[in-house]
Structure formats: C-alpha cells, structure tokens
Amino acid sequence: MRLKGKTAVITGGGTGIGRTASLLFAGEGASVVVTDIDEDSGLKTVKKIMEMGGQALFVKHDVRSETDWEEVAVQTANTYGKANILFNNAGLFLIKPLLETTLADWDRLMSVNVTGVFLGMKHIIPLMLAGGKGGSIINASSNAGLFGASGLTLYGATKGAVRIMTKDAALEFASVNIRVNSIHPGYIHTQMIDYAAELAGKKVEDQGALVPLGRVGSTLDVARLALFLASDESSYATGAEFVLDGGVSAGPPDVWKQN
C-alpha cells in the first residue's frame, strides 16, 4: 500500500502504460482519476480497478484542451478533495523525415506531447497546493528527448521540451514539496513500438537486438518506475531524468562480447 490515502491523476489511462500504471497505483492504495480521449478504453480501466476493489473515476479528456483540464481538476476535487500525484502519460509518436514533416504534424504532436503536459501541471498543481502536503508529478518524456535519431526531429523536439519543462517546474515548486521528474523510456511494447516495427518491416521482438539488455521493455517496467516516483520512497528526487531503455542511451550493445 505504497500510495495509501493518495489520489493520482493519470492521462492516457485507457491503454498501454497508462492502463498498467492505473491498475498498479490502485493496487497500491491510490484513488485513481483515469483520463483518456477514448471513453470506452478509459471506462474499461476503471472497471478493472473496481473489480479488484480499488477506487477510480473516469473523465473523458483531450489533453490539448484547457477546458477539459479544468473539468479534470473540478471532478478530482469534487470526488476526492485533492490530488497528490500527476502522471502526464498521454502522448503521440511519429517517425517521419524532417523534409516530409508538415506544420500540421508539428502542431498535432506539440499540442499533445508538450501543451498537454504544461496544462496538466498548471491545473493539477493547485490541487496539490490546497492539500498542503506537496505532491509528485511524473512527466513522460523518452530517450528520444536525450539524444538524436534520424526521422525523430519532431518527436524528439516534443520530448526534449518535456525534459526541460520538468526541470523548470521542479525548481519553481521545490519549496512547497511538489516534486517533478521525467521518465525516459526506450523500446517499450506498446502501440508505438508496433508502429515503429511495422515501418521498419520487422517484428517487435526484433527490436530487442538493438537493446543492450536484449529485450523490449514492458508497460509494467515503466509503471513500476512511475510508482517509485509517485511514492514517498523517492522523496528526495526532483528535477531528475529517470532513464528506462535497457541501456540504449548508454551506447550500442557490446559488439566485442565473446559468446
């Protein structure tokens, strides 16, 4: 019960990492506000939480919309009276050569991946301040926000922005014990990697060959890291980057290793 008595807002909670984190947080005692633009998937997550005896609320939510964020904040306050945790998980992925990237592509990814994170902090931090005990914000970046990659100019720009916004907010709210950290996953088995593998003409499992640890990560791998950052176990961590990519950002797999 590492999150007993806490309320967590998780965006993109209907599928993938968001659903796994929602179930994990609820299992650790949190009341979970599941938000998603897809009502059916979000309600399924809430149903799963209720079936395991947890507490959850679904709010249909487009993270690009300030009006929707205001509604998330109102419903969270009305139902649970506070927010202690925000997991800005919702995001879009795009692999596209720079010269083929359109302004519409740019605006779409920026609005979800960057504006959505900004609005989340803007509207949920007041609920943390009202509680008087601080809180924890986990912003989903990517290892693409740490180093460059061909075809990821736009996606990398959004995740680099999340990385720096996280540090800025961490400094601004440290004095009121609101911690803000970013997580940087690599190859994780979600719809994003299905899309990447299809573009490359490969199977998802083949992507494991690009990872020093030799495997693609799971949504549970990421959710467990988010749980650590949401809990009091990480009480001295803020403004930090937590990388979860199987060693990809450390360098290429050991080509000199003797089998």
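Counting from 1, the numbers follow the sequence of the chain as shown.
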Quick one: does any side-chain atom of [X] pair with a main-chain N or O of [Y] as donor and acceptor, under 3.5 Å?
X	Y	result
S218	D221	yes
S234	F228	yes
T115	V112	no
S141	I183	no
D68	V63	no
K159	A140	yes
N143	H184	no
N78	Q75	no

Following the transitive rule for hydrophobic clusters with a side-chain heavy-atom cut-off under 4.5 Å over Ile, Leu, Val, Met, Phe, Trp and Tyr, establish whether [X] and [Y] coincide in one cluster.
X	Y	value
F118	L92	yes
V176	M165	yes
V74	I124	no
I37	V46	no
F147	I164	no

Quick one about [Y] and [X] (side-chain donor to acceptor, distance below 3.5 Å, no hydrogens or angles considered), yes or no?
X	Y	answer
T219	T20	yes
R19	T45	yes
D245	S249	yes
S65	D62	no

Where is the tightest heavy-atom contact between [X] and [Y], given as atom of each residue plus distance?
X	Y	answer
L127	A77	CD2-CB, 3.9 Å
A237	N181	O-ND2, 2.9 Å
K96	D105	NZ-OD2, 2.7 Å
V211	G246	CG1-O, 3.5 Å
G135	M128	CA-SD, 4.0 Å

For E28 and K4, what are the C-alpha separation, side-chain angles and deciding distance, and is it a salt bridge (charged side-chain N to carboxylate O under 4.0 Å, His left out)? CA-CA 6 Å; E28 292 288 344; K4 184 176 181 181; over 6 Å; no
For a side chain to side chain contact (heavy atoms under 4.5 Å, CB included) with [X], tell me which candidate from [options] qualifies.
X	options	value
V117	N139, N89, T158	N139
T35	I10, T11, L57, T76	T11
V180	D168, N88, I137, I125	I137

Start with the C-alpha gap between K60 and E71, add the side-chain angles, then the distance that decides, and say whether salt bridge (charged side-chain N to carboxylate O under 4.0 Å, His left out) holds. CA-CA 9 Å; K60 184 176 173 59; E71 182 64 18; over 6 Å; no
For the NZ atom on K167, are there more than 12 heavy atoms of other groups (residues, nucleotides or ligands in this structure) within a distance under 6.0 Å?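 More than 12 heavy atoms, drawn from other residues, nucleotides or ligands, come within 6.0 Å of this atom.
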Would you indicate whether K48, at its atom NZ, is surrounded by more than 12 heavy atoms from other residues, nucleotides or ligands within a distance under 6.0 Å?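 No.
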Distance from [X] atom [atom1] to [Y] atom [atom2], nearest 0.5 Å?
X	Y	atom1	atom2	value
F242	I138	CZ	CD1	10.0 Å
S142	L244	OG	CG	11.0 Å
F25	I49	CZ	CD1	11.0 Å

Is any side-chain heavy atom of L227 less than 4.5 Å from a side-chain heavy atom of R2?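 Contact flag for L227/R2 side chains = yes.
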Between R179 and D232, does at least one N-O distance fall below 4.0 Å, as a salt bridge requires?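 Judged by the 4.0 Å cut-off on N to carboxylate O distance, R179 and D232 do not form a salt bridge.
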